[in-house]
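In what follows, a single structure is set out as structure tokens and then discussed.
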Amino acid sequence: MAKILVIGAAGQLGIELVLALQTQYGVEEVDVSDIRVPNDEGVMRSRFLHLDATDEDSMSTVLEEGRYHAVYHLAAMLSATGEKNPIAAWDLNMQSLLHVLEAAKEGWIDRVFWPSSIAVFGPQTIKKSVPQDALLDPTTVYGISKQAGEYWCRYYHEKYGVDVRSIRYPGLIGHRSAPGGGTTDYAVEIYQAANAGEAYTCFLRADQALPMMYMDDAVRATLELMRVPANQIRVRTSYNLGAMSFTPSEVAKSIQQHLPNFQVHYQPDHRQGIAESWPESIEDTAAQADWGWKPKVLLPEMTTTMLLAIEKKTQTAVH
Ligand code: SER
């Protein structure tokens, strides 16, 4: 029986996290589930369970039978898509979390990971170096669901001793999986366009700074947080996690160091309003103090890695 289950394994973070968990613990130790089949051969080496995370009966059957040591529950509708389907986003994001927390309360799961986001912050939150206990002021349904989810996590921990851990991720940028429906997706798309030799039309303003993180750092943070002894974890809502802060024009410039002819045009759309409500940078001393968090990858190195990796992938696909 596998020891780990990843729910939402077909998503941007899910694919990357599954690959890392497989490397760390072995393919057989990881079960993966999603409502869609993950488009990744590596991920599909693990046992795949077709699962609608909002379906209470199937969730409790899988979780009761599985008796997993750790469940990473990543299924969610992100900020931009959520605004088009507010009630569906709320249903998916909240119901699925409550099903997992209930299963942990029953004693079927030892340890739960659930991601929160910078989307819990908003216009009234301080903009720079946002501290752990800053005012939460979400303006999107996604952000509201993350804020409520954070308090549900703490509630289940305090009332029932559920060992649930969480990180407020910044925008995540990786080359192994595609983002889906977020406001920070531009920072992945821009590298894809640059590699394809195309100009990129950015849906945010050139000077819109946001907190961002390279995917390998995000995955490492998640695995590190899940390995820490429970008594070291003092934040049971969700940890702030910082790495870098940049604007679209700064990414464009860093790409132009490699590809001088690369061009970016700016056509801000409804996502600009979401981005504007979020902070520019995050302070993460609690994560540093409690479990030794430290980011490794900053913009110049990320750009080199992203461009090389995407080019390699394109070449493999052609040959
Ligand atoms: N990347 C997410 C989004 O843009 C933020 O957590 O929705």
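Just follow the structure's listing: the first ligand is 1, and inside any ligand the first atom is 1. Treat the numbers as computed from the prediction; the structure is a model and nothing was measured.
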Which protein N or O atoms sit under 3.5 Å from any N or O of ligand 1? Give each pair with its distance.
{"from": "ligand 1", "atom 1": "1 (N)", "to": "Thr184", "atom 2": "OG1", "distance (Å)": "2.8"}
{"from": "ligand 1", "atom 1": "4 (O)", "to": "Ser79", "atom 2": "OG", "distance (Å)": "3.4"}
{"from": "ligand 1", "atom 1": "4 (O)", "to": "Thr183", "atom 2": "N", "distance (Å)": "2.6"}
{"from": "ligand 1", "atom 1": "4 (O)", "to": "Thr184", "atom 2": "N", "distance (Å)": "3.2"}
{"from": "ligand 1", "atom 1": "4 (O)", "to": "Thr184", "atom 2": "OG1", "distance (Å)": "3.4"}
{"from": "ligand 1", "atom 1": "6 (O)", "to": "Ser117", "atom 2": "OG", "distance (Å)": "2.6"}
{"from": "ligand 1", "atom 1": "6 (O)", "to": "Tyr142", "atom 2": "OH", "distance (Å)": "3.2"}
{"from": "ligand 1", "atom 1": "7 (O)", "to": "Ser79", "atom 2": "N", "distance (Å)": "3.2"}
{"from": "ligand 1", "atom 1": "7 (O)", "to": "Ser79", "atom 2": "OG", "distance (Å)": "2.6"}

> Can the positive tip of Arg271 be found less than 6.0 Å from the middle of the six-membered ring of Phe203, inside 45° of the ring normal?
Replying inline: yes
>> Any carboxylate oxygen within less than 4.0 angstrom of a Lys/Arg side-chain nitrogen, looking at Lys105 and Glu102?
In response: yes
> Do Lys296 and Glu301 sit within salt-bridge range, that is, some charged N less than 4.0 Å from a carboxylate O?
Replying inline: no
> Can Lys127 be said to sit on top of Trp278's aromatic six-ring, NZ or CZ under 6.0 Å from centre and within 45° of the ring axis?
Replying inline: no
>> Among Arg67, Lys3, His69, which residue satisfies the side-chain hydrogen bond (donor to acceptor under 3.5 Å, both in side chains) criterion with Asp110?
In response: His69
> Can Tyr239 and Trp293 be said to form a ring pair (Phe, Tyr, Trp, His ring centres under 6.0 Å), step by step?
Replying inline: CA-CA 10 Å; Tyr239 278 99; Trp293 162 246; over 10 Å; no
